[in-house]
Structures are given as structure tokens and as C-alpha cells.
Amino acid sequence: MPTVSVGRDRLFAALGRTYSQEEFEELCFRFGIELDDVTTEKAIIRKEKHLEEEADEDEEVIYKIEVPANRYDLLCLEGLAQALRIFNKQEETPRYKLSNISKESMHKMHVNPETSLVRPYVVCAVLRDITFDEASYNSFIDLQDKLHQNICRRRTLVAIGTHDLDTLEGPFTYEALPPSAINFVPLKQTKSFRADELMEYYKSDLKLKKFLHIIEKSPVFPVLFDRNRTVLSLPPIINGAHSAITLKTKNVFIECTATDLTKANIVLNTVVTIFSALCKKKFEIEPVEVIYSDGKSNIYPELSLYNMEVSLSYITNCIGVSLEAEEVTSLLNRMQLHAEQSVSGDKSSITISVPPTRSDVLHPCDVMEDVAIAYGFNNIPKSKPASLQPLPLNEFSDLIRGEIAMSGFTEVLTWILCSYKENFAMLKREDDKSTAVIIGNPRSTDFEVVRTSLMPGLLKTVGHNKDHPKPIKIFEVGDVSLLDDAKDVGARNHRHLAALYCSANSGFELIHGLVDRIMEVIGASFVTVGDETGYYIKCSDNPEFLTGRQAHIIYKGRKIGTFGIVHPEVLNNFDIPDPCSFVELNIESFL
């Protein structure tokens with residue numbers, strides 16, 4: 001979860017009272033956040049530089065507070081303090097509104113069609129008559145960094161630009177031009193760069209180089225201009241120096257360029273709602289009209305309330321506490337949700353108006369969770385849940401695990417993702433392109449496909465424990481995934497059992513005996529080939545096993561698994577020096 005660092009004294013001043021550390025930890029717990037650490041600015045620096053200097057008594061105390069990942073309104077001191085004041089009933093939830101100006105008087109942002117090639121969306125707003133001090137200015141900048149790392153996905157989805165409106169002249173244009181056609185002085189620089197030169201220059205910048213890949217291969221770069229062709233920003237890389245905001249800035253122009261319009265609206269709403277509290281007209285935001293090349297236009301920010309009706313019985317049943325409608329509405333108001341009681345027929349329900357700060361509220365379960373938080377999890381009486389009937393497959397899997405364990409095998413748990421090579425080439429298998437679920441953008445070569453067999457995991461386990469005293473007898477009961485066009489997600493899971501024996505000899509007879517024991521405990525009798533009333537084994541020819549030392553397991557006329565002595569080449573691929581025997585079967589076939 002994101003961690004927000006705030007000065008303790010500033011936070012207490014914003015809350016209107018002083019807390020002991022224990023009291024503040026209790027407040028955080030009741031609100032659903034956590035005080036993660038108490039430190040100082042200098043202590044952080046000393047830790048980073050591995051210094052052992054003694055702390056000064058006058059060092060500012062810093063609270064590091066963990067907040068939920070989807071509560072973007074809590075990512076700065078101002079938003080956090082406001083939420084806690086409302087929770088403590090010190091103030092009401094603000095009503096945000098747009099400035100009452102005509103459409104003709106609004107600033108305009110014209111969007112050129114070429115932007116669809118790189119970042120097609122832009123949303124804008126203006127904060128008028130804002131007053132910054134050093135702390136709130138730093139918080140304003142820090143919030144943007146936090147949003148960039150969080151919902152903006154390191155600027156790939158959304159990039160925020162903030163500008164001193166008094167240094168610019170509208171209307172504005174959002175364009176996409178060849179890099180060589182863009183020339184401006186970037187933030188914190190004194191000389192002008194072409195955009196392509198700038199990309200090379202920032203390859204040595206520790207902070208900005210990680211964003212270059214977003215647009216560097218594009219034939220055109222997104223860029224924003226004012227009426228005089230002054231560059232506001234080159235998103236998502238850097239703003240222009242001309243419109244940089246300072247402590248003296250009174251009017252802030254905010255633009256968010258994006259590949260995801262929904263997230264752009266959330267980001268814009270988060271910034272303007274939190275910092276509109278610093279404006280002369282509190283909680284009032286000046287709108288901007290965004291005009292597209294096809295003539296369509298939209299006015300941003302979109303601050304309308306989202307209405308939702310939730311059954312009172314749903315809330316109380318999920319929490320397990322009997323609450324009156326009046327108490328539920330009071331609890332929701334403490335969580336920044338405008339709530340009123342409503343009656344439809346003979347059922348009582350709660351009508352909730354979700355403000356633009358609470359983009360995390362999407363479903364009645366989110367409302368129910370907020371009621372539970374405000375009520376206090378510690379206040380919910382403990383009770384034993386009604387008996388739940390386990391799924392037959394899970395119940396059967398547990399029984400199978402017990403039987404295999406009693407046969408002297410040790411259970412292991414391995415990753416459901418593995419490398420493409422482990423799943424195919426290292427097992428001497430060919431990829432027929434119709435079996436394995438391939439990960440589209442793997443973070444590591446170790447996790448490229450969803451396993452189609454339990455075999456790679458068990459062999460890797462033995463390979464990493466080859467010095468373990470022999471014999472090694474391990475098993476796993478777990479899911480594999482195979483492509484299936486009949487399923488809405490394009491694949492389905494299958495529950496498999498696999499066991500492996502590794503020693504100085506292959507132990508083929510032990511694995512064969514384990515197969516017979518499994519079939520015995522499920523009540524399947526050994527029958528002659530072709531008889532579909534029980535099971536029998538049939539010679540197989542799988543490449544991962546030695547020829548003539550392997551067999552299919554046929555149960556009621558269907559192949560449910562295979563066992564045999566693992567091929568020496570496969571063992572060598574997994575760095576296993578000793579012979580192994582292996583069995584794998586689909587236990588869903590028994591249900």
C-alpha cells in the first residue's frame with residue numbers, strides 16, 4: 001500500500017488538536033489506515049547515507065502512514081487531514097462546485113487529431129486565487145508524484161502538468177508533432193532543446209529516464225501550446241520552464257494527458273478537489289472546455305455526484321450487526337459519503353451520493369465496507385460462521401493429500417507460472433499452440449506461461465535439493481491451466497496430482513504401487529484392457545519418459561494420467577544426477 005509521509009506537527013495543526021502516538025495510532029486504526037513508522041527528515045537522510053550521528057531534539061517528527069491503494073484522496077496531508085476531520089465529525093463533507101462562468105468565458109483546449117497516435121485524451125481545470133506556503137506547495141508537487149506512481153502507472157496512463165496561468169495566454173492547443181519540430185526550455189533548464197535532443201539528454205537523468213520509453217519510439221510526440229506557441233509541457237516527460245509554478249503563483253492551470261480517459265478524470269478530480277481548499281473561494285474550481293477536431297467538446301472537471309442505492313438489509317447482513325437506517329447514514333457521512341434514508345415498498349434502503357473524491361466507491365460492497373470501518377471492526381461481535389459445505393473437488397483433494405502423505409511422500413507447493421522453456425523444451429515437449437496460456441507481458445522469464453503440467457515444478461524442486469538425503473519422495477496436488485475456447489475466459493483449470501521418486505535407482509515399482517494405491521482408495525478395480533468399469537494401464541510414448549518404461553492410466557475408458565521413468569535428458573535439463581520416476585493424473589476424472 002502507498003505510504004504518505006507527513007509532518008506530525010502540521011498534521012496535528014490541521015486536525016485542530018494534539019494526539020499522543022498511541023491516540024493517533026488508534027485513530028488511524030479506526031479510520032482504516034495505519035501509522036507505519038515515526039521518524040525524522042534527518043533520520044531518513046542518515047539512514048540513506050549510513051551515518052551514525054545522534055539525533056537533534058528539534059528535528060521535525062515525520063509520520064509515515066499507510067493508506068489504501070485506491071484512496072487517492074489520502075495521498076497528501078491536506079486530503080488526509082480533511083478525511084480525518086470529517087471522520088471525527090469536526091466538519092461536513094465539502095460540496096465541490098464549478099465556477100459560475102459562461103461557456104464563452106472558459107479557457108479552451110483544442111485537441112488535434114494527430115494526438116490519437118500517441119496520447120489521445122486531455123482534461124483540464126483551473127484553480128483560481130490559490131495561496132501556497134512552502135509546505136502546501138511541496139505537498140502539491142508530492143501529490144502529483146504519488147499519483148504518477150500509483151493510478152497513473154508511472155505516467156503510462158496519465159501524466160499531470162501544472163502551470164502558472166498568469167504566464168500563459170489561452171486558448172491552448174494539444175498537438176502531436178515530429179520531435180524535431182518541438183523546441184522549448186524544459187523545467188529547471190536555461191537553454192532550449194529540441195524534443196529529440198531532450199530525449200538523449202534525459203537518458204542520464206535518474207528520475208526522468210524511466211519515462212522516456214513511453215513515447216521515444218513514437219513518430220510524433222504530444223505537446224501543449226498556448227496562443228503564442230509557448231510550450232506548456234512535453235507529456236509525459238517534462239513541463240516547460242516558462243509556466244513553472246512557484247510559491248507566488250495565484251492561478252494554476254492543470255492539464256492531464258492520458259491514454260485512459262477514466263483515470264485522467266480521477267486524477268484531475270483528485271488534485272483539484274484537495275487543493276481547491278486553498279483557493280479564495282473554497283471548493284470552487286474553474287472549468288475548461290476541451291474541443292476535439294470533430295467538433296465535439298467536453299467541460300472538465302466532471303464534479304457531479306454519483307448516486308447509488310443500497311439496501312439496508314444488505315449492509316447489516318454483510319457486517320453481522322443490526323443497525324438502524326439513521327445510524328448507517330451517520331456512519332457513511334463520516335466516511336465522506338452523502339447518505340440519506342429512502343423507502344422503496346416495504347424495504348428500507350440508503351441513497352448514497354458519492355463525491356468526486358471517492359472514486360474507489362463502485363459497488364454496494366464498497367458502501368458496506370465504509371459502514372463497517374466507521375462502526376469499528378473491533379465493535380463487531382465475534383460469531384462463528386454458519387457451516388460451509390466445501391466444494392467436492394477441494395474435499396476430495398484433501399482426502400487424496402492425506403493418502404499420499406501416509407504413503408511416505410512429502411507435499412510441496414510450486415508456482416503455477418513457469419518459464420516457457422521449462423514447460424516445453426526442458427521436458428522434450430513441443431508447443432502445439434493450442435494448449436498453454438502464454439503471459440502477454442511477463443515481468444520475468446521465470447513466469448512466462450501458466451503451467452500445463454505439475455512436472456516442471458517437482459523436477460525444479462528436486463534439482464534445487466539434489467544434496468538432500470535420498471530417497472526424495474514428493475508430491476503436489478494443484479491446478480494446471482489449458483486453453484479452452486468453450487470458456488468465457490478462453491481457458492480452464494484442471495486439478496492434477498503428481499508424485500516423484502528420486503534415489504539411486506528409479507523406483508518405478510514404487511510409483512506404480514502408488515498408482516494402484518490411489519485407485520484402490522477411490523474404489524476403482526484393476527480390469528482387463530478395454531473394460532470400462534475400472535482402470536488399466538496401457539503402453540505410452542511420451543518424450544519426457546524412457547521408451548518402454550512408461551504407461552497411460554486409463555479409467556472408465558478415458559486416459560487420466562501417465563507414469564514412468566523420467567528421461568535422462570530431462571533430468572539433465574533440470575540438473576538432477578539421480579534417476580527419477582514420476583506420475584501425474586487428473587483427479588477431476590474421479591468425480
Side-chain angles (χ1 to χ4, degrees), residues 107-125 144 147-148 151-163 167-189 191-205 207-244 253-265 267-268 288-298 300 440-441:
H107 280 288
K108 307 288 193 294
M109 174 67 76
H110 296 273
V111 181
N112 285 11
E114 293 79 15
T115 57
S116 62
L117 299 173
V118 56
R119 292 176 84 82
Y121 305 112
V122 63
V123 295
C124 312
Q144 295 172 56
L147 290 170
H148 277 148
I151 184 176
C152 300
R153 295 294 185 268
R154 297 186 179 184
R155 306 191 190 183
T156 55
L157 301 181
V158 186
I160 311 165
T162 54
H163 312 276
T167 66
L168 302 168
E169 188 177 351
F172 304 97
T173 58
Y174 177 41
E175 305 176 19
L177 300 174
S180 58
I182 302 170
N183 204 309
F184 70 106
V185 179
L187 196 63
K188 297 182 181 180
Q189 300 295 326
K191 72 168 188 174
S192 182
F193 289 83
R194 280 203 328 264
D196 50 353
E197 296 172 340
L198 198 60
M199 299 295 277
E200 286 298 320
Y201 180 77
Y202 282 138
K203 284 182 178 179
S204 59
D205 188 288
K207 180 179 179 181
L208 295 178
K209 67 179 182 180
K210 55 191 173 188
F211 306 123
L212 302 181
H213 70 94
I214 302 172
I215 61 169
E216 66 179 340
K217 293 182 181 178
S218 172
V220 290
F221 286 1
V223 60
L224 292 101
F225 295 100
D226 75 349
R227 178 200 293 270
N228 301 317
R229 302 298 288 175
T230 301
V231 173
L232 279 69
S233 67
L234 179 74
I237 310 301
I238 192 75
N239 290 346
H242 179 85
S243 57
F253 180 77
I254 304 167
E255 42 84 6
C256 299
T257 58
T259 57
D260 186 318
L261 183 59
T262 300
K263 286 183 168 55
N265 277 311
V267 170
L268 181 66
V288 174
E289 184 181 11
V290 177
I291 304 170
Y292 290 89
S293 56
D294 60 2
K296 293 181 180 178
S297 68
N298 298 94
Y300 299 105
N441 186 26

Which value, rounded to the nearest 0.5 Å, describes the distance between F225 atom CZ and I182 atom CD1? 6.0 Å
Decide yes or no on side-chain contact (heavy atoms from CB on, under 4.5 Å) for T115 and Y292, but give the supporting numbers first. CA-CA 10 Å; T115 57; Y292 290 89; over 6 Å; no
S297 OG to H110 NE2 distance, which is reported to the nearest 0.5 Å: 10.0 Å
Ignoring hydrogens, what is the shortest heavy-atom contact between I238 and Y202? Give both atom names and the distance. CG1-OH, 3.8 Å
Looking only at heavy atoms, the pair that brings A176 and V118 closest together is CB-CG1, 4.2 Å
What's the separation between atom CG in N239 and atom NE2 in H163, rounded to the nearest 0.5 Å? 4.5 Å
Where the side chain of S204 meets the backbone of Y201, is there a donor-acceptor pair that is under 3.5 Å apart? yes
Rounded to the nearest 0.5 Å, what's the gap from CE on M199 to CG on L212? Could you check? 4.5 Å
Examine distances only and state if a side-chain atom of N112 and a backbone atom of E114 form a donor-acceptor pair shorter than 3.5 Å. no
CZ/F221: more than 12 non-hydrogen atoms of other groups inside 6.0 Å: yes
Quick check for you: to the nearest 0.5 Å, what is the distance between T156 atom OG1 and I214 atom CD1? 5.5 Å
Tell me whether the rings of F172 and H107 are parallel (<30°), tilted (30 to 60°) or perpendicular (>60°). tilted
Taking N183's backbone N and O only, do any of them form a donor-acceptor pair with R194's side chain (distance below 3.5 Å, no angle check)? no
Are any non-hydrogen side-chain atoms of S243 and F253 less than 4.5 angstrom apart? no
Audit row: L157, T259, side-chain contact (heavy atoms from CB on, under 4.5 Å) steps and yes/no: CA-CA 5 Å; L157 301 181; T259 57; 3.7 Å; yes
Is any side-chain heavy atom of V267 closer than 4.5 Å to a side-chain heavy atom of H148? no
side-chain contact (heavy atoms from CB on, under 4.5 Å) between V220 and E175, worked out: CA-CA 9 Å; V220 290; E175 305 176 19; over 6 Å; no
State, to 0.1 Å, how close D260 and K263 come at their nearest heavy-atom pair, and which atoms those are. OD1-N, 3.1 Å
Rounded to the nearest 0.5 Å, the CD1 atom of I237 sits from the CG atom of L208 at a distance of 7.5 Å
Quick check: do I151 and V158 have side-chain heavy atoms less than 4.5 Å from each other? no
Are any non-hydrogen side-chain atoms of H242 and V185 less than 4.5 angstrom apart? no
With heavy-atom distances below 4.5 Å as the criterion, would you say the side chains of Y174 and L224 are in contact? yes
When you look at Y121 and V290, which way does the side-chain contact (heavy atoms from CB on, under 4.5 Å) test go after all the steps? CA-CA 10 Å; Y121 305 112; V290 177; over 6 Å; no
Looking only at heavy atoms, the pair that brings P222 and R119 closest together is CG-CD, 3.9 Å
What's the shortest heavy-atom distance between V122 and Y300, and which atoms? O-CE1, 4.1 Å
Heavy-atom side-chain contact between I215 and P236 under 4.5 Å: yes
Which atom of P235 lies closest to which atom of A159, heavy atoms considered: CB-CB, 4.3 Å
With a 4.5 Å cut-off on side-chain heavy atoms, are P171 and R227 touching? yes
